[in-house]
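These notes are about the structure you will find just below.
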Amino acid sequence: MVEQLLINNDDYYVPDANQLVTEDDTPVDNFGSAKQQRLSVGSLYSSRQNQTFLAEANVGIYHTDGEPPIVPDIFLSLDVQVPQNWWEKQNRCYMVWRFGKPPEVAIEIVSNKEGDKLGRKLQIYEHMRVSYYIVYDPTQQLGQPLRIYELRGRRYFETTETWLEQVDLGLTLWEGEFEGRQDIWLRWCYKDGNILLTGDERAFEAEQRASEAEQRAQLLAERLRTMGVGPNSL
C-alpha cells in the first residue's frame, strides 16, 4: 500500500507522490500509433487555443491509491492545466486527486490483441468515471474500426453517436494526408462535421486564402486595364 499523507489537518488523504512511478520511459510501440497521437493532441491545441484543457499521449493516470497507473494512448481533460513546475514529482503525470477530476475522454489505439482494451481497461475507465472511452481499431482486429462508450450513471454503454456532447467535440474517420502519410485517421470534428485543423493545415489554408486574394486582385487589375482604367486615372 502506498504511504498516505494528511493534507491541511482535515480528513483528506492523498498518496505520497515520491513513492509513485511517474514515468518508466517505455517507448511508443509503432509508427502508426505515434502519428495518430500527434494528430489527435496537436489538432486540439491548434484549434482550441482559447480554451483551458489538458490533452496528452502516453502519460500515466493515477486513479486509485495502491493501484498502478493506467496509460491511455490519448486523453483529454477539460478545465485543467499542467502545474507551472511540471518537473516536480507530483506534477509529472495525471494524478486524479491533484487535478480533482478524471479526464473526460480516454482513447486507446488497437495495434494488436494484447492489452484487454474491451475488458480490464474498459472497467478501469468506467470505475474512474471517464465520460467517454474510445477504442480506435484501424486494422479492425477487434471487429470494427471505432467503438465509443459513454458513461451513463455508473456504467458504460456503447453508442453509435459520434458527437461527444459533454466535451462539445465529435469524432470522425477521415481519409487524407498527415505528416506525409496518406491514410485513414481518427479526427476530432465540430458538430457540422468539419475537422479540427492542425497547425500545418491552418497555415496551408491561410496561404491558400492569401493566394486566392492575390489572384482576384490581379484579375481585377487586368479587367480595369482593358477598360482603360489605370493607376494614374484613379
Side-chain angles (χ1 to χ4, degrees), residues 23-61 70-78 80-82 86 92-94 103-115 117 121 125 130 132-148 162-164 167-214:
E23 59 273 310
D24 60 9
D25 296 324
T26 301
V28 170
D29 55 358
N30 64 78
F31 292 121
S33 292
K35 281 188 181 290
Q36 178 65 66
Q37 289 161 1
R38 289 196 296 274
L39 174 57
S40 296
V41 173
S43 59
L44 283 170
Y45 281 107
S46 175
S47 298
R48 309 200 109 188
Q49 298 178 14
N50 296 325
Q51 298 181 347
T52 300
F53 65 89
L54 175 57
E56 278 302 340
N58 283 330
V59 171
I61 300 175
I70 190 167
V71 186
D73 289 313
I74 303 157
F75 74 79
L76 168 64
S77 187
L78 303 180
V80 299
Q81 298 182 75
V82 175
W86 58 18
R92 290 188 178 188
C93 63
Y94 196 105
E104 276 75 20
V105 181
I107 300 176
E108 295 283 357
I109 303 169
V110 179
S111 57
N112 53 54
K113 293 184 179 180
E114 304 298 323
K117 291 178 172 56
K121 282 195 172 181
Y125 290 124
V130 173
Y132 299 99
Y133 174 43
I134 314 299
V135 179
Y136 176 46
D137 187 2
T139 58
Q140 299 187 45
Q141 296 187 56
L142 302 181
Q144 61 191 65
L146 185 63
R147 294 176 183 267
I148 299 175
T162 57
W163 177 250
L164 313 182
V167 294
D168 197 32
L169 283 169
L171 289 169
T172 186
L173 297 178
W174 173 85
E175 185 172 0
E177 184 176 319
F178 173 65
E179 293 185 348
R181 179 77 181 200
Q182 184 76 21
D183 211 327
I184 296 176
W185 306 94
L186 181 65
R187 299 291 301 258
W188 301 104
C189 65
Y190 299 103
K191 202 161 191 176
D192 61 7
N194 288 323
I195 58 173
L196 274 65
L197 301 180
T198 65
D200 287 344
E201 288 170 336
R202 292 168 70 89
F204 178 73
E205 283 202 351
E207 290 177 0
Q208 278 193 318
R209 289 193 295 269
S211 177
E212 291 170 358
E214 183 178 357

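Taking 4.5 Å as the limit, some side-chain heavy atom of L54 sits within range of a side-chain heavy atom of F75. Side chains of L173 and P145 form a contact here, defined as non-hydrogen atoms less than 4.5 Å apart. Side chains of I134 and I74 form no contact here, defined as non-hydrogen atoms less than 4.5 Å apart. The shortest distance between side-chain heavy atoms of L76 and R48 does not fall below 4.5 Å. A heavy-atom distance below 4.5 Å is found between the side chains of Y125 and P72. Looking only at side-chain heavy atoms (C-beta outward), C93 and V59 come within less than 4.5 Å of each other. Side-chain contact between Q51 and L44 is absent, with no heavy atoms from C-beta onward closer than 4.5 Å. You'll find the side chain of V105 reaches within 4.5 Å of the side chain of W188, heavy atoms only.
I109 approaches S33 most closely through the heavy-atom pair CG2-OG, 3.7 Å. Scanning both residues, F178 and T198, for their nearest heavy atoms gives CE1-CG2, 4.2 Å. Shortest non-hydrogen contact noted between Y133 and K117 is OH-O, 2.7 Å. When every heavy atom of L142 is checked against every heavy atom of D137, the shortest pair comes out as N-OD2, 2.5 Å.
Using a distance-only test at 3.5 Å, with no hydrogens or angles considered, no donor-acceptor pair links the side chain of W185 to the main chain of Q36. Without hydrogens or angle criteria, T162 side chain to G170 main chain gives no donor-acceptor distance under 3.5 Å. With hydrogens and angles ignored, the 3.5 Å screen pairs a side-chain donor or acceptor of E104 with a backbone N or O of L78. Distance alone, capped at 3.5 Å, places no donor-acceptor pair between the S46 side chain and the G42 backbone.
For the residue pair E56 and Y94, no side-chain donor N or O sits within less than 3.5 Å of a side-chain acceptor on the partner.
Taking the ring centroids of F53 and Y45, they lie under the 6.0 Å cut-off.
With rounding to the nearest 0.5 Å, the separation of CZ in R181 from NZ in K35 is 8.5 Å. If you take CG on L186 and CD1 on I195, they are separated by 11.5 Å, rounding to the nearest 0.5 Å. Residue D73 holds its CG atom at 7.5 Å from OG of S111, rounded to the nearest 0.5 Å. Rounding to the nearest 0.5 Å places OG of S40 at 10.5 Å from CG of L196.
Counting heavy-atom neighbours within 6.0 Å of D192 CG, excluding the residue itself, gives a total above 12.
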